[in-house]
Amino acid sequence: ACRCAPQAIARYQNRVSGPLLDRIDLRVEVGEVPQSPSLCHEKSETSAAVRERVKQARALEQQRYAGLGFYANAQIDARQLERFCHLDAAGERLLAAASARWGLSMRGRARVQKVARTIADLAGSQQLLAEHVAEALQYRLRGTGGR
């Protein structure tokens with residue numbers, strides 16, 4: 001386990017530039033695995049179920065982007081963003097508020113929308129909703145102090 005002081009960790013993390021962080025879509029902290037087997041009995045989705053959801057989401061992407069020269073949400077360019085990653089009103093308000101609070105760049109906002117599109121696909125939702133934006137923001141802002 002890291003024994004560094006919180007200030008030392010923050011100083012190290014601040015050495016990573018904003019433009020570089022803008023290119024990282026998901027920032028997920030992975031906690032320590034409990035040593036006691038009795039703590040691992042929490043019900044969770046099986047690997048087979050997750051695999052099936054991913055297959056369905058990939059099929060949605062392929063159908064949506066057929067004939068456009070790209071096949072994945074991550075490949076959507078700025079011109080196509082509004083068409084394929086259109087947010088509902090609540091999602092737009094949430095993203096605007098997060099952008100103002102944490103100073104998201106336009107690239108950062110676009111990447112949040114693309115991740116939200118993937119989250120919606122995994123949920124089987126055609127529409128991007130505020131809940132998808134909220135989850136994408138959690139992945140984007142976790143452990144970065146908002147950058």
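Along the sequence shown, residues carry numbers from 1.
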Verdict with reasoning, Lys114 to Leu81, per side-chain contact (heavy atoms from CB on, under 4.5 Å): CA-CA 8 Å; Lys114 292 176 192 183; Leu81 193 65; 4.2 Å; yes

Could you walk me through whether Val115 and Glu135 satisfy the side-chain contact (heavy atoms from CB on, under 4.5 Å) test, starting with their C-alpha distance in whole Å, then the side-chain angles of each, then the deciding distance to 0.1 Å, before giving a yes or no? CA-CA 9 Å; Val115 170; Glu135 186 174 343; over 6 Å; no

Check the pair Leu129 / His132 against side-chain contact (heavy atoms from CB on, under 4.5 Å), numbers first and verdict last. CA-CA 5 Å; Leu129 305 174; His132 304 134; 3.7 Å; yes

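Scanning both residues, Ala136 and Ile119, for their nearest heavy atoms gives N-CD1, 3.6 Å. Closest non-hydrogen pair, Leu122 versus Ala57, comes out as CD2-CB, 3.8 Å.
By the side-chain hydrogen bond (donor to acceptor under 3.5 Å, both in side chains) test, Glu92 is found to be paired with Arg109, residues two or more places apart in sequence or in another chain being considered. By the ring-ring contact (aromatic ring centres under 6.0 Å, His included) test, Phe70 pairs with Tyr65, sequence neighbours left out.
Rounded to the nearest 0.5 Å, atoms CG (Leu68) and CD (Gln80) are 6.0 Å apart. Remark: Arg111 CZ to Leu104 CG distance equals 12.5 Å, nearest 0.5 Å. Between the CG atom of Asp88 and the CD atom of Gln127 there is a distance of 7.0 Å, given to the nearest 0.5 Å. For the atom pair OG1 of Thr118 and CG of Leu128, the computed distance is 9.0 Å after rounding to the nearest 0.5 Å. Rounded to the nearest 0.5 Å, atoms CD (Gln56) and CG (Asp121) are 11.0 Å apart.
Between Leu94 and Leu87 the shortest side-chain heavy-atom distance does not fall below 4.5 Å.
Ion pairing of Glu61 with Arg64 is absent here, as no side-chain N (NZ or NE/NH1/NH2) approaches a carboxylate O to less than 4.0 Å.
Side chain of Gln75 to main chain of Tyr71: a donor-acceptor pair is present (N/O by atom type, distance under 3.5 Å, no hydrogens or angles).
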